[in-house]
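Letters A, B, ... mirror the listed sequences (proteins, then strands); counts begin at 1. Values below: every heavy atom of this structure, side chains too, minus hydrogens, waters and symmetry copies. Note that the coordinates shown come from a computational prediction; the quantities given were computed from them, not determined experimentally.
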Protein chains: 2
Amino acid sequence: MARPTITDVARAAGVSKGAVSFALNDRPGISSDTRRRILDVAASMGWTPSAGARALSTSRALAVGLVLARAPEVLRADAFFPSFIAGLETVLSERGHALLLQVAERDDHAAYRRLVAEGRVDGVLVTDLHVDDTRPALLAELDLPAVLVGPDLGESWGPRQVACGADDAPAVRETVQHLLDLGHTRIAHVAGPQQLVHGRSRRGAWEQVLREAGVAVGPVVEADFSAESGARATAQLLDLAERPTAIVYANDLMATAGLGVAHERGVDVPTELSITGFDDTEIAAHLRPALTTVRTDVVAWGRAAARRLLQLVDGVSTDSTGETGETGETGENGGTGETDVPPARLVVRASTAPAPTLTHQGDRP
Amino acid sequence: MARPTITDVARAAGVSKGAVSFALNDRPGISSDTRRRILDVAASMGWTPSAGARALSTSRALAVGLVLARAPEVLRADAFFPSFIAGLETVLSERGHALLLQVAERDDHAAYRRLVAEGRVDGVLVTDLHVDDTRPALLAELDLPAVLVGPDLGESWGPRQVACGADDAPAVRETVQHLLDLGHTRIAHVAGPQQLVHGRSRRGAWEQVLREAGVAVGPVVEADFSAESGARATAQLLDLAERPTAIVYANDLMATAGLGVAHERGVDVPTELSITGFDDTEIAAHLRPALTTVRTDVVAWGRAAARRLLQLVDGVSTDSTGETGETGETGENGGTGETDVPPARLVVRASTAPAPTLTHQGDRP
DNA sequence: GGCGCCACCTAAACCGGTTTAGTGACGTGT
DNA sequence: ACACGTCACTAAACCGGTTTAGGTGGCGCC
């Protein structure tokens with residue numbers, strides 16, 4: 001037999017459809033023994049609610065969307081999404097929400113519009129934020145709850161669009177400081193795309209520490225997070241007359257490619273050149289030399305983002321009726337404890353070592 | 001204003017709800033100028049159908065599910081999913097279907113049951129097939145259309161459960177033959193889990209070629225596709241009294257870790273040891289030495305799997321009514337051209353070279 | 001003993017679509 | 001001129017839930 005419906009349960013229990021609905025949703029107005037009988041009957045028939053029907057009557061989709069605004073080939077070696085998705089899902093599934101994925105290589109605006117137009121999602125997650133990203137404004141206009149995956153930089157778009165994520169900058173600062181402590185003074189940077197906020201913030205942190213330390217802000221090459229671009233950037237840096245003694249890469253993939261280029265040119269890592277990555281990909285610890293890099297807990301980040309999004313979705317019970325607005329206290333869901341994401345931290349391995357020419361003038365006794 | 005409904009469109013166009021539905025679905029019974037008028041009105045109001053409502057009345061969810069039966073930490077460095085998902089999505093989105101993701105670390109049976117119980121999906125994709133996998137039987141029992149992502153080995157479960165994917169074996173055979181051609185006779189294998197079909201098939205192919213060539217079937221270490229396990233397995237192989245001169249790894253991640261171990265022990269790759277991987281991850285070409293490996297077109301695979309699944313879903317118009325069964329010709333969707341996946345092929349780079357002790361007795365003039 | 005009230009439950013409307021049955025106008029054949 | 005068929009469309013049922021408005025019975029109370 002096909003899936004039993006609520007009507008089947010009602011008939012079997014000898015009550016009305018409405019009674020069954022009340023009983024199943026723990027609402028008052030049903031005596032406790034009737035409630036128990038209904039629940040028993042429902043369980044014995046193996047009844048489960050139809051997500052679609054429920055969504056239709058409550059106007060809630062019980063699903064959230066994640067739009068990946070990347071070309072398939074860029075998605076290929078990504079260190080972020082699989083873990084992030086895993087984190088999201090653990091939270092979403094235990095709260096009865098589904099995760100809808102959409103890959104929108106180009107026109108991601110259309111993808112968002114479509115998700116909301118078809119009523120498929122209650123909210124979305126936005127990744128790979130650009131500087132001057134137009135998506136937050138779009139989502140605010142659509143009044144679609146959204147978590148912008150990235151550090152909260154105090155911007156504000158709409159009441160239901162918030163940022164969630166750890167700031168990369170402190171860990172990058174820690175990385176550069178680590179290199180300074182090792183006596184490096186020519187510290188280069190292979191940056192991610194500067195129109196991406198995380199590309200920009202990593203570069204900003206690198207620059208800031210050097211500036212504060214009174215060290216020359218070394219050469220920087222803008223790359224695109226791909227291995228290929230990392231290799232090119234490294235070649236470029238190693239061709240410089242004044243070769244850097246250390247290179248801070250914006251991610252592990254570029255750092256690994258850079259390691260290959262250095263090896264090919266006979267530049268020894270770490271004695272002649274220190275390199276650092278970002279992500280702590282699984283392979284980082286197994287490279288030779290093992291890569292000094294920054295570890296982020298992406299799974300926890302995913303969990304936090306999911307919790308935050310569900311808060312937003314639940315925060316406004318009924319929209320556009322306007323009635324609920326008068327209390328003004330959406331703050332009851334504002335607890336941030338479980339939506340904090342653990343900070344990234346430096347993991348020192350073998351790819352960093354004291355600078356070759358020891359200009360290291362003993363800041364230790 | 002909120003999203004316009006079909007009723008709003010009907011009122012605005014001065015016709016009934018039904019007429020609008022007919023017009024929008026290109027069904028006969030509407031004069032062409034009325035149809036045009038309705039379409040114009042709908043377009044000008046910015047109307048789009050609600051996926052949920054449509055799903056409810058047609059009993060089709062317009063969504064398919066992908067259950068990832070892996071722990072988050074295993075998902076982390078996966079070379080397969082991001083590309084595969086990208087491939088899936090390109091096809092699904094242009095056909096109006098959504099992709100639902102679920103991560104079920106342990107009990108994936110429950111995940112499938114839930115997806116079908118809630119009526120969220122029209123079909124699912126099953127990855128990471130085990131030998132004696134119980135999922136195909138479950139899906140057959142649930143009568144849920146499913147594409148089993150892997151080579152078609154001729155098994156048959158239910159009428160709506162089919163395999164889709166390229167066979168790994170030919171490319172692995174090509175790899176081993178490549179090593180034989182280079183004069184290697186002690187060719188080891190670091191295998192994936194043997195309860196996974198792709199782990200087993202790669203090992204089987206390796207073994208078969210050696211056997212057919214009359215070469216000793218070298219040592220094999222079963223690992224789990226992780227970098228850590230690849231490193232351990234490599235150490236174990238290099239500790240052998242009769243050290244292999246080549247190692248065939250079941251994936252790039254383990255091969256890369258193996259490269260690190262070899263380097264650490266001062267075993268030069270490729271002059272003393274040849275190694276090969278599988279996947280052609282983005283970093284493979286940028287390692288030193290660059291990794292000889294097998295390239296698979298995972299994006300195309302995803303596209304093919306999505307097309308095949310949609311064929312299955314569309315194949316049976318109405319289920320459980322039984323009426324449609326008498327024609328028996330589900331074959332009209334059976335065209336396989338667009339659901340073929342390009343075969344994997346060997347990419348020779350720098351990590352393979354002639355065997356060190358030249359027992360290579362000139363098969364070339 | 002009649003009143004009101006509360007607890008418990010039923011009937012029916014509703015969400016936004018699809019689909020079937022039915023209706024009126026018009027054209028056609030004999 | 002009349003039955004008949006077709007076309008174009010409307011009205012209403014339906015999918016499977018939720019929610020609101022009503023209705024019934026039992027009880028306490030004056």
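A/Gln102 places no side-chain N or O within 3.5 Å of a backbone atom of A/Leu115 that could act as its donor or acceptor partner.
Heavy-atom contacts from other residues, nucleotides or ligands closer than 6.0 Å to CG of A/Asp33 number more than 12. Other residues, nucleotides and ligands place no more than 12 heavy atoms under 6.0 Å from the CG atom of B/Asp132.
A rotation axis mapping the C1' atoms of four pairs onto the next four is fitted at both ends of the helix from C/dG1-D/dC30 to C/dT30-D/dA1 over five pairs, and the angle between these axes is 70° to 10 degrees.
Between the P atom of D/dT18 and the NZ atom of A/Lys17 lies a distance of 10 Å, rounded to the nearest Å. Atom CH2 in A/Trp47 sits roughly 12 Å away from atom P in D/dG16 (whole-Å rounding). Rounded to whole Å, the distance from CZ on A/Arg37 to C1' on C/dC9 is 11 Å. To the nearest angstrom, P of C/dC8 lies 16 Å from CZ of A/Arg36. Between A/Ile6 atom CD1 and D/dT18 atom P there is a gap of 5 Å when expressed in whole angstrom units. When the P atom of C/dT19 is taken as reference, atom CZ of B/Arg60 falls 11 Å away, rounded to whole Å. Here D/dC15 presents its C1' atom at 15 Å from CG of B/Asp122, a figure rounded to the nearest Å. For the pair A/Leu56 CG and C/dG16 P, the computed distance is 7 Å after rounding to whole Å.
A/Ser32 comes within contact range of no nucleotide atom at all, as no heavy-atom separation falls under 4.0 Å. Using a 4.0 Å heavy-atom criterion, one finds that B/Val15 contacts the sugar-phosphate atoms exclusively.
Where B/Gly18 and B/Gly52 meet DNA chain C, the nucleotide closest to each residue was compared, and B/Gly52 sits on the side nearer the 5' end.
Contact annotation: the side chain of B/Val91 never approaches that of B/His97 to less than 4.5 Å [non-hydrogen atoms, C-beta and beyond].
Using a 4.0 Å cut-off between a side-chain N of Lys or Arg and a carboxylate O of Asp or Glu, B/Asp40 and B/Arg35 do not qualify as a salt bridge.
Sorted by residue number, the members of residues 21-31 of chain A with any non-hydrogen atom under 4.0 Å from DNA chain C read A/Gly29, A/Ile30, A/Ser31.
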